[in-house]
Novice: 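A single structure is presented below for examination.
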Amino acid sequence: MKYDLNAFQIDLDAPKSTKQNNAVFLAYEKAIPLAKANAAYDHAKAMGKSVGLTINEATAYNTNTMDAHRMVQWAKATYHDFKLIENLADDLFYVYFTENKELADHKVLLDVAKKNKIDTAEVKKILDSK
């Protein structure tokens, strides 16, 4: 899959951690029943399934993705390897949409970096910095 690998953070105010998955949050924000909120994600789930992807967006946790963006941008500037960055982005999408892991969790980000053979000590320095 080809990506425009420019960083784009959708929700600047998303928390670092939350107990509310996307469907619960949508139901609250729109004052709709949880079943209706879950149904709002059914189209994406069906579209993903039609091409062999498992998309569990309703049960994902909308957390702050700034550190994930910082990691990708650092890797992009450090490695200059488009395929590596593409794989890194794919894995971040997978852990979020399929496994429902929080992209603000540094352990999750370090695991994704390690899987892509990116220097995790350097990534940890980036994540621990401002």
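Worth knowing before you read on, the calculation uses all heavy atoms, side chains too, and leaves out hydrogens, waters and symmetry mates. It should be emphasised that the depicted structure is a prediction, and the values quoted were computed from it without experimental measurement.
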Novice: One pair to check against side chain to side chain contact (heavy atoms under 4.5 Å, CB included): Thr18 and Phe25. What are the steps and the verdict?
Specialist: CA-CA 10 Å; Thr18 183; Phe25 182 72; over 6 Å; no
Novice: If you round to the nearest 0.5 Å, how far is NZ of Lys125 from CG of Asp119?
Specialist: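 It comes to 8.0 Å.
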Novice: Can you check whether Ala14's main-chain N or O pairs, donor with acceptor, with Asn64's side chain at less than 3.5 Å?
Specialist: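 Indeed, once roles are kept as given, a pair shorter than 3.5 Å links the two residues.
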Novice: Give a yes or no on whether Leu92 and Leu53 share a hydrophobic cluster (residues Ile, Leu, Val, Met, Phe, Trp, Tyr; joining criterion: side-chain heavy atoms under 4.5 Å apart).
Specialist: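 Both belong to a single hydrophobic cluster.
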Novice: Which side-chain N or O atoms in residues 95-114 pair as donor and acceptor under 3.5 Å with protein atoms at least two apart or in another chain?
Specialist:
unit_1: Tyr96; atom_1: OH; unit_2: Asn22; atom_2: ND2; d: 3.0
unit_1: Thr98; atom_1: OG1; unit_2: Thr54; atom_2: O; d: 2.6
unit_1: Glu99; atom_1: OE1; unit_2: Lys101; atom_2: NZ; d: 3.3
unit_1: Asn100; atom_1: OD1; unit_2: Thr59; atom_2: OG1; d: 2.6
unit_1: Asn100; atom_1: ND2; unit_2: Asn56; atom_2: O; d: 3.0
unit_1: Asn100; atom_1: ND2; unit_2: Tyr96; atom_2: O; d: 3.1
unit_1: Glu102; atom_1: OE1; unit_2: Ser17; atom_2: OG; d: 3.3
unit_1: Asp105; atom_1: OD1; unit_2: Lys107; atom_2: N; d: 2.8
unit_1: His106; atom_1: NE2; unit_2: Asp67; atom_2: OD2; d: 2.7
unit_1: Lys107; atom_1: NZ; unit_2: Asp111; atom_2: OD2; d: 3.0

Novice: Do the side chains of Ile126 and Glu122 get nearer than 4.5 Å, heavy atoms only?
Specialist: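 In short, these two side chains do not touch, never coming nearer than 4.5 Å.
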Novice: Are Leu127 and Leu88 co-members of a hydrophobic cluster defined by side-chain heavy atoms under 4.5 Å apart?
Specialist: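 Yes; Leu127 is reachable from Leu88 via cluster members.
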Novice: Please report the closest heavy-atom contact between Trp74 and Val123, naming both atoms and the distance.
Specialist: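 Between these two residues, the closest heavy atoms are CZ3-CG2, 3.6 Å.
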Novice: Mind checking what makes side-chain contact (heavy atoms from CB on, under 4.5 Å) contact with Leu84, not counting sequence neighbours?
Specialist: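 Here the qualifying residues are Tyr79, Asp81, Asn116, Ile118.
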Novice: Measure the spacing between CD of Gln20 and OG1 of Thr63 and express it to the nearest 0.5 Å.
Specialist: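 Nearest 0.5 Å value for the CD-OG1 distance: 13.0 Å.
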Novice: For residues Asn21 and Val24, report the shortest heavy-atom separation together with the two atoms involved.
Specialist: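 Smallest heavy-atom distance, with atoms named: OD1-N, 2.9 Å.
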Novice: What's the separation between atom CG in Asp90 and atom CD in Glu86, rounded to the nearest 0.5 Å?
Specialist: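 One gets 6.0 Å once the value is rounded to the nearest 0.5 Å.
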Novice: Can you measure from OG (Ser129) to NZ (Lys124) and round to the nearest 0.5 angstrom?
Specialist: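 NZ of Lys124 is found 11.0 Å from OG of Ser129.
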Novice: With rounding to the nearest 0.5 angstrom, report the NZ to CG distance, Lys30 to Leu26.
Specialist: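 So the NZ of Lys30 and the CG of Leu26 are separated by 7.0 Å.
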Novice: Would you say NZ of Lys36 has more than 12 non-hydrogen atoms from neighbouring residues, nucleotides or ligands within 6.0 angstrom?
Specialist: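 For Lys36, atom NZ is not crowded (no more than 12 foreign heavy atoms under 6.0 Å).
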Novice: Return yes if some donor-acceptor pair links the side-chain N/O of His43 with the main-chain N/O of Ala40 below 3.5 Å, else return no.
Specialist: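 No.
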